Each structure stands twice: as C-alpha cells, then as structure tokens.
Participant: 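After the structure tokens below, expect a handful of questions from me.
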2 protein chains.
Amino acid sequence: MRVLVVEDERILADTIAEGLRRHSLAVDVAYDGDAALERLGVNEYDVLILDRDLPTIHGDEVCRSVVESRSGTRVLMLTAAVQVSDRVSGLALGADDYLPKPFAFAELVARVRALGRRSRTASPPILERAGIRLDPNRREVQRDGHFVRLSRKEFAVLEELLRAEGAVVTSEQLLERAWDEHIDPFTNVVRVTLMTLRRKLGPPPVIETVHGVGYRIP
Amino acid sequence: MRVLVVEDERILADTIAEGLRRHSLAVDVAYDGDAALERLGVNEYDVLILDRDLPTIHGDEVCRSVVESRSGTRVLMLTAAVQVSDRVSGLALGADDYLPKPFAFAELVARVRALGRRSRTASPPILERAGIRLDPNRREVQRDGHFVRLSRKEFAVLEELLRAEGAVVTSEQLLERAWDEHIDPFTNVVRVTLMTLRRKLGPPPVIETVHGVGYRIP
DNA sequence: GTTTTCGCTTACGGATTCCTTACGGATCAC
DNA sequence: GTGATCCGTAAGGAATCCGTAAGCGAAAAC
C-alpha cells in the first residue's frame, strides 16, 4: 500500500514514515503543501496523511484538491488542535478520518490500514486465498496453518498480490505499490523478491507467473 | 498503454520514445502538428506528449482539437518557457498536465503513467462470445469451459476480435491495436499469430476468415 | 562488537515468445 | 482456366522474459 506523509516538522514526518515502512507500507514524504500537490500529481496513493498547518499551501487546500480530483485517495488529517470544531471542519472538507496530536503510533497505523482497505473494494481485515492467510495489522502470514516469517518487502508484495483477488499484477504495479518513488524503475528486485517469497511459502506453488505480463494468485 | 510523442526536435523525440518503450509503453512519434493530427485520427492514444512550438500546426491547436474530440486521450504539454503564464494558458486549453523543459526523464515517465491511469476506462468486464470466455483482468481464456494458455500477442489479438462483437477486423487494425508502429507493415505476424491462436483454441473453428478483408468471430 | 538479516545489484542460463522466410494451397477476377 | 492475390503452415533464429546464484553494504539483532 502506498502512503504519502505531509508534515512540516521534518523529524516527526520522518519518524512517521519510517514507522510505517516497518509495517511494510511504501511511504513518500512531503514537507509542505506545494510538494504534496506535486507528489499527488505524479503518483497514486492509497492514503494521504495530512498535517493541517502547512507552509506554502494550507492543509485544508490540499485536502480539498484531493477530494475534488476523485482519485480514490483517502485523507487522514492530523492536527494539533483538540477542539471539536476542527474535527468538524476537517471532515467538512472531505477528509475521511481525523487524528489529534499527540497520538499513539499504533493508532495511526491501524487507521491508515483501515482507510487503505476502504480505498479498494471493502475487503475484510484479513486476506485469505489459496491457502495463504495474511493479517496486515499483526503483520503475520500463514501457509496452510503454518506461520511463515517474511521480510518487509516480501510481505508488501504478497499483500498486493492477495489484494488483487486473482487479477494479474504487473511487475511495474508491484514496484509502484510496494516500493516508494526512489526505486530505480529498471531494477529486478521484484523478480528477486518473488523468488525468496515463493521459497518461503514452500510447495505447492501459489504465485503464478503470467509470461510477459506479471504475476497472480489464482 | 499507448502514447504519442509530438516534438519537432527529432533527436529529443526519438530519445523520449525509446526511453518510454523501455518502460513497456507502446510509443508512436510525430515531428509536426500535421503528422500529429493524422496519427490521432488513425489511432487511439492514452496519453499525448505534446511540444508547444511545432511546425505546420501549433501545439495549442493540436491540444484544442484533442480536447474537443473528447477521445479520452490525456495531454501532457512540454514547453521551453518557464513562465507561469504559459502553464496557465496551457491548462486553459485543456491540457491535463504540464512539464517545463528541461526535465528529468524519470519525472516524465512518472507523469505519463499518472495520466495513463486516469485515462483508463473502467475495468473491462468479461468478454464472452461463441464459446470463448476472456477475462482481461485475470488474463484467462476459456474455450467451452476449458482453460487455454495464450501468449501475450495471441491474447491481445483474441481480445480485439471479441471486442469487435462480430464485426470484421482487418489485419491492419489488428496490427495497429495489438502491436505498436514499429512493426513492419508488410509482416505476416498476424497470419502466424492467428494460426497458433486457432490451434490453441482447438476445433471447432471460431475465428472466421473473410477473404480479402480480415477476420471475425461471428 | 560480532553475527545475522535485509534490500538490492549484477550476471547468466534456460524457457518462452516473437518474427522472418519460404512455400503450397485456396480464392477471386476475368 | 489461369494468373494474381490472399491465406495457412512449417521451421528456425533472434529477442525477450524469467528464475536463480553470488556478492556487497547497511541495518538490525544478538
């Protein structure tokens, strides 16, 4: 899942980003409203984590623009203010959720995941398919009842394949959804990651290769 | 995804085209406004990369014509000018995005991708006809209930024939839609691909030859 | 502080696909 | 009928795609 964090306090922004990455999310960061709009124009995000008080362009503006674009990106508003009025006006702008600072990190992760779920067809919190069971919140995977230990990237790739619900996912889509924008587009990490993933999942094979197109879990 | 690059500096145009092809996009090139309009009349593109200063017909004209045609083609304007006024007027003409020269190639790719996503028509339903069932998302084909494994080209050709809904599709049309313009127009790949396709689909025959015209699935 | 894991790159062999060439049979116009 | 064109098929080499091994620096785990 692809997330954009917009927050002008750099240390906080980077901390959030790093934390989310540990949960196998692909995270980009912007430190002001301008940069945020630019990133949103170039990439497609499932969730936008948005501070309200931003330089150059106010968070409310960014939010309005995202909502109007009907891109399917969900907005999670952060704000220092504790007042209910803020919450109300934030939601009025079309934000999908609201989290007052300070917040517990686990809370943030849970909400991001919940929003990410909504951005697709309302899928259950646990993904299950072809003998694979994946719990995004606990970051756990089982194959035929046995727990399998996956790295961040392996987990992210498997999650995307499961979310596709049998549809073919191209390598490029995997790159876009499981890696952030700094990745070299000519890389073959996808191939390598798929190999280790398949090895860890063990026989019989679950991930199918569609030659010249991509991969899928039937 | 299908892209048309319109740029009068040939070296730049060819460089862009080649780079995009490396990213698995089907790319055509036009070197002036006239040629651009001609290509646009003949083929359907997801994204049009358009230089503003063009011989014969100005880029603004081309842009306006594309927008008015409501073809669903997204326009990415290139321009040497750095002035904001240009950006404004470009977007006023209906361009969907704007990139000032010089630009980083990765940036171009990213934006083309973003536009292509927007152009994509809603996820295609399953195509069914004459005992053939084709699911574009899962990349699966069934003949009378039996799964058939097809290569990329075979799949593309079959998809075009099914989309025609019984109408005759000429070899030229197949070449244009399932291949990009690189292909030698005198080739007989279509014939060859049709042969392997028919063989894989097995008897009784489903793809009919209309002598001197093309092919169809009645 | 040492060991292990992770994420990634490079390299290469094997599998698959794609396309060209070549040729014989089918179809059409006259 | 017969010549011209169109179509189907075989075969093989080139190009592409994919899986895997090996190795390396950085981060994490111990």
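Note that the structure is a prediction, hence the values are computed from the model and not measured. Letters A, B, ... are given to chains in the order of the sequence lines, protein chains preceding strands, and every chain is numbered from 1.
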Participant: Can you tell me the distance, in whole Å, between the CD1 atom of I207(A) and the P atom of dG19(D)?
Facilitator: 10 Å
Participant: Are any non-hydrogen side-chain atoms of T193(A) and W179(A) less than 4.5 angstrom apart?
Facilitator: yes
Participant: I'd like to check the salt bridge (charged side-chain N to carboxylate O under 4.0 Å, His left out) partners of R139(B); sequence neighbours left out, ordered by chain and number.
Facilitator: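 R139(B): no salt bridge (charged side-chain N to carboxylate O under 4.0 Å, His left out) contacts found.
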Participant: Under the criterion salt bridge (charged side-chain N to carboxylate O under 4.0 Å, His left out), I'd like the reasoning laid out for R74(A) against D97(A): C-alpha separation, chi angles, the key distance, then a yes or no.
Facilitator: CA-CA 8 Å; R74(A) 302 289 173 156; D97(A) 199 357; over 6 Å; no
Participant: Between C1' on dC17(D) and CZ on F186(A), what's the gap in Å once rounded to a whole number?
Facilitator: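 So the CZ-C1' distance, F186(A) to dC17(D), works out to 16 Å.
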Participant: Provide the start and end nucleotides, 5' to 3', of the part of DNA chain C that has atoms under 4.0 Å from heavy atoms of chain B.
Facilitator: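 That gives a stretch of dT17(C) to dC28(C).
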Participant: So if I take residues 187-198 of chain A and measure heavy-atom distances to DNA chain D, which residues fall below 4.0 Å?
Facilitator: N188(A), R191(A), M195(A), R198(A)
Participant: Among residues 11-27 of chain A, which ones have heavy-atom contacts with DNA chain D below 4.0 Å?
Facilitator: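 Nucleic-acid contacts, sorted: R22(A).
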Participant: State which residues pass salt bridge (charged side-chain N to carboxylate O under 4.0 Å, His left out) with R216(A); sequence neighbours excluded, sorted by chain then number.
Facilitator: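 Testing R216(A) for salt bridge (charged side-chain N to carboxylate O under 4.0 Å, His left out), a comparison that skips the adjacent residues, returns E208(A), E140(B).
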Participant: If you compare every side-chain N and O of Y215(B) against the phosphate oxygens of dG8(D) (OP1, OP2), does one of them come in below 4.0 Å?
Facilitator: yes
Participant: Starting from C1' on dA11(D), measure out to CZ on R199(B) and report it in whole angstrom.
Facilitator: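 Rounding to the nearest Å, CZ of R199(B) and C1' of dA11(D) are 11 Å apart.
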Participant: Between E7(A) (side chain only) and E9(A) (backbone N and O only), is there a donor and an acceptor less than 3.5 Å apart?
Facilitator: yes
Participant: For the helix from dG1(C)-dC30(D) to dC30(C)-dG1(D), what angle separates the axis at the start from the axis at the finish, each from five pairs, in steps of 10°?
Facilitator: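 One end axis against the other gives 40°.
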Participant: Looking at Y45(B), does the NZ or CZ of R39(B) lie under 6.0 angstrom from its six-membered ring centre and within 45 degrees of the ring axis?
Facilitator: no
